Amino acid sequence: MADTFRSHQTMSRTSENGNIVLVGFMGAGKSTVGAELARLGGLRLIDLDHLIVSRQGCSIREIFKQDGEEAFRDYEALALERLAGLSRAVIATGGGIVGRPGNWLAMRRLGPVVYLRADWDTLCRRIGDDPDRPLADRRSGVEKLRRLWEKRVPLYEQADLVVDSTQGTPAQVAALILERLKQEGRYAG
Ligand code: S3P
């Protein structure tokens, strides 16, 4: 599995707060791998979408329908900003977090950003027809979703560490992330 990793050239800073930020498209495994990372690393798991839903008091689908996507992006950016000062946590973000440059600043301040990469067919199979993923609504067409993924891939690739999430179980992927971050001096354990 050695070739499933590619570290970004900027992997040089040491993480002082023990956080790990996960990014990737819908279906990349951010929540499942995040749960394993939290378990293995003795960290808290923070799911940004869950924070938005509890703060707004309604589902993501309802937020998109009532307030629109831009408002959702504002709530998302705000939820991320509110995590400033956090320590020893895995932060599972929503697939669209990478779209705003300000979110990158906030994520990098929290800790190393890890991209969970998966091929299109795997993502498509995992996403299915999830009613709480408004952007993955099959009625809008799978081609539209694929274009969104293609547009985002170069953004995800800006992460500090890129990990293939299709190789091995979520626990194995999580263990390899921790190992790699420790090697790079980005996670003290
Ligand atoms: C989104 C992904 C979702 C959620 C929202 C928008 C996106 O999170 O934030 O539906 O733009 O890709 P997951 O990636 O956890 O499904």
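The model shown is predicted, which means the values in this text are computed figures rather than measured ones. Read the numbers this way: they start at 1 and go in the same order the structure lists the ligands and their atoms.
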Exercise for the section: Using a strict cut-off of 4.0 Å, indicate which atoms of ligand 1 neighbour a heavy atom of Pro134. Expected result: 10 (O)
Fill in the blank from the handout: In ligand 1, the atoms that come under 4.0 Å of a heavy atom of Gly94 are 8 (O), 9 (O), 14 (O)
Handout entry: Protein contact of atom 12 (O) of ligand 1 - nearest heavy atom, named by residue and atom, plus distance
Key = Arg152 NH1, 2.7 Å
Practice task
Would you mind checking which non-hydrogen protein atom is closest to atom 2 (C) of ligand 1, with the distance to 0.1 Å?
Solution key: Gly95 N, 3.4 Å
Handout entry: Within-cut-off N or O pair, Gly27 and ligand 1, under 3.5 Å
Key = no
Problem - Contact check, His50 vs ligand 1, heavy-atom distance below 4.0 Å - result: no
Exercise for the section: Select one of side chain, backbone, both or neither to describe which atoms of Glu69 lie under 4.0 Å from any atom of ligand 1, heavy atoms only. Expected result: neither
Practice task
Could you check whether the rings of Phe25 and Tyr156 sit parallel, tilted or perpendicular, using 30° and 60° as the cut-offs?
Solution key: perpendicular
Practice task
Specify whether Phe72 and Phe64 have parallel, tilted or perpendicular ring planes, treating 30° as the upper limit for parallel and 60° as the lower limit for perpendicular.
Solution key: tilted
Fill in the blank from the handout: In short, ring-ring contact (aromatic ring centres under 6.0 Å, His included) pairs touching residues 85-109 with sequence neighbours left out are none
Fill in the blank from the handout: Check: of Arg73, Lys30, Arg61, Arg133, min heavy-atom distance to atom 6 (C) of ligand 1 comes from Arg73
Exercise for the section: Would you tell me which option among Asp49, Val23, Leu48, Leu135 has the nearest heavy-atom contact to atom 3 (C) of ligand 1? Expected result: Asp49
Handout entry: Step-by-step side chain to side chain contact (heavy atoms under 4.5 Å, CB included) determination, Val33 to Val163
Key = CA-CA 11 Å; Val33 172; Val163 176; over 6 Å; no
Practice task
Taking only Lys NZ, Arg NE, NH1 and NH2, and the carboxylate oxygens of Asp or Glu, determine whether Glu150 and Arg147 approach each other closer than 4.0 Å.
Solution key: no
Problem - Note: Arg39-Glu36 ion pair, threshold 4.0 Å (strictly below) - result: yes
Fill in the blank from the handout: The side chain to side chain contact (heavy atoms under 4.5 Å, CB included) partner of Ile177 among Leu116, Leu40, Val90 is Leu116
